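Inspection log for the structure reproduced underneath, given as structure tokens.
What you are looking at is a predicted structure, and each value in this text was computed from that prediction instead of being measured. Per chain, numbering begins at 1; letters A, B, ... match sequence-line order.
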Number of protein chains: 2
Amino acid sequence: MSTFDIKTIGAIGAARPRPAGSDADASPCGACTVRHLTICAPLEDHELSEMNRIVSSLELDPGDPLFDEGEPANAVYNVTAGAIKVYKLLGDGRRQVTGFLFAGDFLGLANDDIYAYSAEAVTHATLCRFQRRKLEVLLERYPRMEKRLLGMASHELAVAQEQMLLLGRKTAKEKLASFLLNLSKRLVQRGQKGNPVSVPMNRTDIGDYLGLTTETVSRTFTQLRQSGIISLNNGGKVEIHDRDVLEEFAQGF
Amino acid sequence: MSTFDIKTIGAIGAARPRPAGSDADASPCGACTVRHLTICAPLEDHELSEMNRIVSSLELDPGDPLFDEGEPANAVYNVTAGAIKVYKLLGDGRRQVTGFLFAGDFLGLANDDIYAYSAEAVTHATLCRFQRRKLEVLLERYPRMEKRLLGMASHELAVAQEQMLLLGRKTAKEKLASFLLNLSKRLVQRGQKGNPVSVPMNRTDIGDYLGLTTETVSRTFTQLRQSGIISLNNGGKVEIHDRDVLEEFAQGF
DNA sequence: CGTGAAGTTGAGTATGCTCAACGGTGGTGG
DNA sequence: CCACCACCGTTGAGCATACTCAACTTCACG
């Protein structure tokens, strides 16, 4: 894994983060459609102008890296659209995707000023970037935001523990059932329809997230499809026919 | 899993949390030997008296439950001595231990007022108990503590991600190597010798933590022993002979 | 259409699980 | 004091789930 500073990514050319269009730049925070989900939720409208001053917008294409494990953690991010994956690697290249992030999700919290994982775009995605030091000043002034951040971190922690249960103790079928239900729930949380479920990531990413190979993911999809529990539509849409059975699988009965 | 209120545990008789001896009660926080590791770290000496007022001490025997998943989260805890395990269960009883906690470690942060996991003593253990509502008042007054809590949560998050990598992508040998090195590092962090490593939990707990069966844990210990990398001493002590090889296993080379 | 990447399916295999037996140890009660 | 018992850890044999390697299909995109 190369370790390079986020500020030079554009120059390297592997990624092409670019400033978002002028529309968004005019009053990005005021126009933010996912504010209630982000770290900005506790701020009053008139306080957003301060946010505007320290935030910058960012756009990524599929496969573009956002940052790499080990890199100095100079910024934190809020996803405003699209999907991001975060992952860790072993020495021989084995990969564990520790999470998929969608609009409203937060990433980049680093304990010791070094990112503990890498982040990369799954789909075309837009993000808000907060310079770490400037954000810290703001947090000092608005303890509400710090509280919000703690709430988000402790939610992340609960999600991580659920994922450990999945990785350590569930079968392939149970893993995939849990995964689909999770995606569905997160869509609903964002006010979208929870069925059919949009599955924007490929089989390799799903496998690396669930601790499986692509082949096993594919076979398990087939198995669920042939049981009539789901169907696979075009454009990565999965239609859930029997949510109850899926729930039973997910909970290990 | 039964869900009962922590306050009634004593009456039920499954557990026997009891107030610690009068020595500790006199000025528990002032005498705390692990304060620098806890949420109390940022408090000045003269502020500890406030802490004293909202904290109570607690003692558990091996196997005693502290709280159960799903229970209302009325308190958070700091371990002051001994070892605690936290775990989640599937419907059919499969178990995933999501962490082992030692002196200085913190548990009980709950996002939605409900514990997301169960906690139980591994060895004889002592803990500080903070009533949630009272702690919140204190956090309001000391943003430093809130910041500290955020730091601890984000550290936990990094640890959780490392564990996901282990569960999803490491072999049995790599899992056990990582586990032993982790225990060793945590001993060193607490100012103790990192070798030999005290391993107070049994094979079942280790298996449930690493996503393995007891038999596989046992076989893998034997394998590492026969390779001369470790030896198993009395009293659950593991002596590490070749840390470098263990590190290589743990990092997946 | 042609090409390359992604997904699916098949055959054989290996890692770790299941089931079972056995040995050591510590606690208990006769 | 010692026999007994329960629990824990270890080891063995056989097995199953998911992996590896490979071929083939589908799809997106030029």
Test side-chain contact (heavy atoms from CB on, under 4.5 Å) applied to A:Ile84 and A:Val122, A:Asp105, A:Leu107, the passing residue: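 For A:Ile84, the side-chain contact (heavy atoms from CB on, under 4.5 Å) test succeeds with only one of A:Val122, A:Asp105, A:Leu107, which is A:Leu107.
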
Atom [atom1] of [X] and atom [atom2] of [N]: how far apart are they, to the nearest Å?
{"X": "B:Asp208", "N": "C:dG16", "atom1": "CG", "atom2": "C1'", "value": "15 Å"}
{"X": "B:Glu215", "N": "D:dG14", "atom1": "CD", "atom2": "P", "value": "17 Å"}
{"X": "B:Arg203", "N": "C:dT25", "atom1": "CZ", "atom2": "P", "value": "14 Å"}
{"X": "A:Gln223", "N": "C:dG10", "atom1": "CD", "atom2": "C1'", "value": "15 Å"}
{"X": "A:Phe249", "N": "D:dT17", "atom1": "CZ", "atom2": "P", "value": "14 Å"}
{"X": "A:Arg225", "N": "C:dG7", "atom1": "CZ", "atom2": "C1'", "value": "11 Å"}
{"X": "B:Leu212", "N": "D:dT17", "atom1": "CG", "atom2": "C1'", "value": "15 Å"}
{"X": "A:Arg169", "N": "D:dT17", "atom1": "CZ", "atom2": "P", "value": "16 Å"}

Within the 4.0 Å heavy-atom criterion, would you say [X] contacts the bases, only the backbone, or no part of the nucleic acid?
{"X": "B:Leu232", "answer": "sugar-phosphate"}
{"X": "A:Gly211", "answer": "sugar-phosphate"}
{"X": "A:Thr222", "answer": "sugar-phosphate"}
{"X": "B:Thr171", "answer": "sugar-phosphate"}

When you check the phosphate oxygens OP1 and OP2 of C:dG7, does a side-chain N or O of A:Ser218 lie under 4.0 Å from one of them?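 No, no such contact exists.
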
Look at B:Arg219 and C:dG16 and indicate whether a side-chain polar atom (N or O) is within less than 4.0 Å of OP1 or OP2.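 Result: no.
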
Considering only side-chain heavy atoms of [X], which listed nucleotide, [options], is closest?
{"X": "A:Thr213", "options": "C:dG7, C:dC17, D:dT20", "value": "D:dT20"}
{"X": "A:Thr216", "options": "C:dG16, D:dC19, D:dT20", "value": "D:dC19"}
{"X": "A:Asn202", "options": "D:dT11, C:dG16, C:dG7", "value": "C:dG7"}

Whichever of A:Asn234 and A:Lys170 has its nearest DNA chain D nucleotide further upstream toward 5':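 The 5'-side residue here is A:Lys170.
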
Say whether A:Thr204 and A:Thr214, considering side chains only, have a donor N or O and an acceptor N or O under 3.5 Å apart.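 No donor-acceptor contact under 3.5 Å links the two side chains.
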
Please report the interatomic distance CD1(B:Ile229) to CZ(B:Phe249), rounded to the nearest 0.5 Å.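 The CZ atom of B:Phe249 is 4.0 Å from CD1 of B:Ile229, to the nearest 0.5 Å.
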
Rounded at 0.5 Å granularity, tell me how far CG in A:Leu183 sits from CD1 in A:Ile206.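 Going from CG on A:Leu183 over to CD1 on A:Ile206, the span is 8.0 Å.
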
Any side-chain heavy-atom pair of A:Leu165 and B:Arg94 under 4.5 Å: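 A side-chain contact under 4.5 Å is absent here.
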
